[in-house]
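Owing to the predicted nature of the structure, the values given are computational and were not obtained by experimental measurement. Here is how names work: the chains are called A, B, and so on, in the same order as the sequence lines, proteins then strands, and each is numbered from 1.
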Protein chains: 2
Amino acid sequence: MSETPIKRPGGRSARVRAAVLDATLAELTGRGYDGLTVEAVAVRSGVHKATLYRRWGGVDGLVADVLSRSAGQPWQVPDTGSLRDDLRAITHEVYAGFTDPGHGVTPRNVILAALRSPQGRQALTAFFEARHGQAAAVVTRSVARGETPDGTDGADVVRTACAPLYYRLFVTGEPLDEPAAHRAAEAALAAARAGVFVPRRPGREDGSGDAR
Amino acid sequence: MSETPIKRPGGRSARVRAAVLDATLAELTGRGYDGLTVEAVAVRSGVHKATLYRRWGGVDGLVADVLSRSAGQPWQVPDTGSLRDDLRAITHEVYAGFTDPGHGVTPRNVILAALRSPQGRQALTAFFEARHGQAAAVVTRSVARGETPDGTDGADVVRTACAPLYYRLFVTGEPLDEPAAHRAAEAALAAARAGVFVPRRPGREDGSGDAR
DNA sequence: ATACTAATGCGATTCGCATCGCGTTAGCGG
DNA sequence: CCGCTAACGCGATGCGAATCGCATTAGTAT
């Protein structure tokens, strides 16, 4: 979609792309998301400026393509045997990915850069759609085990678990720590058990009754 | 903080600020968050370009100050008598604020513009801190009514209710509709009832037990 | 009222990113 | 092995944002 159809994928174009995207990531790591410049990427990658503008259109396209490449690489969905631990593993992974010094500030800067343009946000949408789709499996398995109400929307459970983390990280700017990540997983779990994510079911749709 | 200390608030500076911030909002409404330009704001507001650079430093400062002004204006926290309806009112208000044609795309563009710079995000943090602090009152009242476990962290309940909306709107780019907003409120409610937001309490911290 | 000075108005200049036309290289088909 | 052309390299140019020094206006104090 954001990918220009390459008619000669034979070696060079692929090499150029890899070099450029790696350089983009490196720049994003070093100078941050607002210091990202086409010229800097050109210098670092050894690819000429004009080529970058031709193939990617500008900084936005570079960031979007970085995300596309990330979305392509598959991802290991946790499978611990219980929904609670699966959700905790997911939120912990998100937490670690954005706070561990190992990864550095790179993932954060990639997202921040993507948020700056419609093109980047479109790539973000695709990225999260892929992730949510895969992660929903933890709910599917939980339903199969009888842990969770039938018909629970798996993607929605995952969304609810992850949303507070991204909300803190990218919207409110509040600090994100491990307890907060755990609480988010617990909240999604409690809501899933209560049947909040079962569509159409009148269920506990109403009533001020005690759910505890 | 982002506010240059004005030593002569007597009329003119205030008028200039109002005109500039209004013009910024108008530009944000019209050309969108990435078309926002200091020059355009200068022309529209009738204030000279150099003044804008001097007092606000650039586009980032303008957006930040718009948010500061918004954060200043107080806000009516719902008080329906039940936590469920209060939370629903809050999420519905967020939903409506970003999707109603009445408000237009302005609020969305303000947030998007603020996300683009550290300065803007700092203003966002302050904005949400104020909002969350006020909104936490709905939980305080609910605890007083005995509806919700003692010691529940009100701000965290509100965060959990709002997070999925902002997550969809600004991170994943998924569509936001009324059912989704209601589900977010229900999820936060279920989690609050389950005692997820009570710190320190061992409570239901463990166990695969039934919470329904 | 009248100095005083903070705040703004004004235009020129600088600076850096984006874009263009043309020459060169390298992957592809025969 | 040899043409063919897509893809890239290269430098020049255009364009708009950001910044500067100085002139002018308008609050403020006395």
Calculate the interatomic distance between [X] atom [atom1] and [N] atom [atom2]; express it in whole Å.
{"X": "A:D60", "N": "C:dC17", "atom1": "CG", "atom2": "P", "value": "15 Å"}
{"X": "B:W56", "N": "D:dT19", "atom1": "CH2", "atom2": "C1'", "value": "18 Å"}
{"X": "B:D34", "N": "C:dC17", "atom1": "CG", "atom2": "P", "value": "18 Å"}
{"X": "A:L52", "N": "C:dG16", "atom1": "CG", "atom2": "P", "value": "19 Å"}
{"X": "B:H48", "N": "D:dT19", "atom1": "NE2", "atom2": "C1'", "value": "11 Å"}
{"X": "A:L36", "N": "C:dC17", "atom1": "CG", "atom2": "C1'", "value": "13 Å"}

Would you please confirm or rule out a distance under 4.0 Å between OP1 or OP2 of [N] and any side-chain N or O of [X]?
{"X": "A:R54", "N": "D:dA6", "result": "no"}
{"X": "B:R55", "N": "C:dT8", "result": "yes"}
{"X": "B:T37", "N": "D:dA17", "result": "yes"}

Shortest side-chain distance from A:K49, nucleotide among D:dT19, D:dG27, C:dT19: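 Nearest to the side-chain atoms of A:K49, counting from C-beta on, is C:dT19.
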B:A50 has a side chain; which of C:dC10, D:dG27, D:dG11 sits nearest to it?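 So the side chain of B:A50 is nearest to C:dC10.
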Assess the pair [X] and [Y]: is the distance between their ring centroids shorter than 6.0 Å?
{"X": "A:Y166", "Y": "A:F128", "answer": "yes"}
{"X": "B:F98", "Y": "B:F170", "answer": "yes"}
{"X": "B:Y95", "Y": "B:H103", "answer": "no"}

Do we see a donor-acceptor contact under 3.5 Å between the side chains of A:T106 and A:T29?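 Yes, side-chain donor-acceptor contact under 3.5 Å.
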Of A:E39 and B:G46, the one whose closest DNA chain C nucleotide lies more 5':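 Closest to the 5' end, via its nearest nucleotide, is B:G46.
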